[in-house]
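Computed from a predicted structure; not experimentally measured. Just the heavy atoms: all of them, side chains too, but no hydrogens, waters or symmetry mates, feed the values below.
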Amino acid sequence: MIDAYLRGPKELVLGPVARRTPRDVHPVAVTLLAVLPGIGAALAAAGGHNVLAVSLWLVNRALDGFDGTLARQHGRQSDLGAYLDILMDFLVYAAVPIGLAAHADRQTTWIAAAALLATFSVNTISWAYLSALLARRRRNEGTGYTAVAMPGGLIEGAETVVLYAIMLFVPAWAPSIFWAMAAAVAITVGQRVVWAVRNL
């Protein structure tokens, strides 16, 4: 919902760091490196290490934001980089709820996690195929910060960062947050369907 508004400030913060980063640090290497703390956050959550889980999650998100800025600052943007970036994002997005559910090890938590991951799956199709159609029609509405056009919605990356951090820090809240996020993601899917009906 607020991703578009945060991209400018993010570039202002990370841009100077990226400009000082040696050119032999490849953005794709940063993308792949980010997976380690992301999976680490899921494993820490499964082990009940709340503070470590939140810390690793935030490191993952910081690196995820940095790779794109680094690519833009050094003129190394690529389709492969964009593809791996979104792929690694969704790997971590899936791992964290599984880690939280494994720690709780209750049927109700597993069901809530499954519901969230199911909405993530539908949401991915809702924007990925729509983006492909827009590209085919030469109507790509990208802002220069992302590789694909993606109509916004109620829940996006920034909201995910915050909500995941909260439930990693307070795992007892995870089932409720799973359900709330699943509902918000379902609304986001609906928003994109409405957008498609009006614009395709």
Side-chain angles (χ1 to χ4, degrees), residues 1-4 6 31 34-48 50 53-54 56-58 60-61 64-65 82-135 146-200:
M1 184 168 62
I2 63 172
D3 281 14
L6 294 178
T31 300
V35 176
L36 297 178
I39 298 300
L43 293 173
N50 305 2
V54 173
L56 290 170
W57 165 248
L58 294 178
N60 166 263
R61 293 295 85 202
D64 178 68
Y83 172 71
L84 291 174
D85 182 65
I86 196 72
L87 182 64
M88 297 303 105
D89 280 351
F90 277 84
L91 173 63
V92 174
Y93 288 167
V96 169
I98 291 171
L100 285 162
H103 176 66
D105 199 23
R106 289 193 298 269
Q107 184 179 23
T108 53
T109 305
W110 279 112
I111 291 172
L116 176 61
L117 295 179
T119 59
F120 278 178
S121 178
V122 175
N123 183 52
T124 301
I125 293 300
S126 80
W127 66 259
Y129 196 72
L130 181 57
S131 176
L133 290 173
L134 292 175
T146 57
V148 295
M150 189 187 312
L154 178 61
I155 190 160
E156 297 174 341
E159 294 81 15
T160 302
V161 171
V162 172
L163 291 171
Y164 270 39
I166 292 170
M167 59 186 167
L168 284 168
F169 192 67
V170 189
W173 296 357
S176 297
I177 296 176
F178 287 161
W179 285 115
M181 283 191 75
V185 172
I187 291 170
T188 300
V189 171
Q191 289 176 301
R192 292 192 175 121
V193 170
V194 170
W195 189 96
V197 169
R198 291 175 176 173
N199 293 277
L200 293 183

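- Side-chain contact between Leu116 and Thr119: present, with at least one pair of heavy atoms (C-beta onward) separated by less than 4.5 Å.
- Heavy-atom contacts from other residues, nucleotides or ligands closer than 6.0 Å to CH2 of Trp173 number 12 or fewer.
- For Tyr164, the ring pair (Phe, Tyr, Trp, His ring centres under 6.0 Å) criterion is met by Trp57, not counting sequence neighbours.
- In this structure the side chain of Tyr129 never reaches within 4.5 angstrom of the side chain of Thr124, judged on heavy atoms.
- What you find for Asn123 and Val189 is that their closest heavy atoms are CA-CG2, 3.6 Å.
- A pairwise comparison of heavy atoms in Val96 and Gly38 identifies CG2-O, 4.4 Å as the closest pair.
- Minimum heavy-atom separation, Val54 to Phe169: CG2-N, 3.4 Å.
- Between Gly47 and His103, the shortest heavy-atom distance links the atoms C-ND1, 4.1 Å.
- Residue pairs satisfying the salt bridge (Lys or Arg N to Asp or Glu O under 4.0 Å) criterion with at least one member in residues 100-111, sequence neighbours excluded, are absent.
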Report task. Show your working on side-chain contact (heavy atoms from CB on, under 4.5 Å) between Trp179 and Ile111 and close with a plain yes or no. Result -> CA-CA 9 Å; Trp179 285 115; Ile111 291 172; 4.0 Å; yes
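- Contact between Ala45 and Ala53 at its shortest, heavy atoms only, is N-CB, 3.8 Å.
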Give every donor-acceptor pair under 3.5 Å between a side-chain atom in residues 87-95 and any protein atom, sequence neighbours left out.
residue, atom, partner, partner atom, Å
Asp89, OD1, Arg61, NH2, 3.1
Tyr93, OH, Arg61, NH1, 3.3

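- To the nearest 0.5 Å, atom CD1 of residue Ile125 and atom CZ of residue Arg192 are 12.0 Å apart.
- Contact record, Ala172 with Pro175: O-CD, 3.6 Å, taken as the closest heavy-atom pair.
- Side-chain contact between Leu56 and Asn60 is absent, with no heavy atoms from C-beta onward closer than 4.5 Å.
- Atom-to-atom distance recorded for Leu130:CG and Asn199:CG is 8.5 Å, nearest 0.5 angstrom.
- Atom CG of residue Leu100 and atom CZ of residue Phe178 lie 5.0 Å apart, to the nearest 0.5 angstrom.
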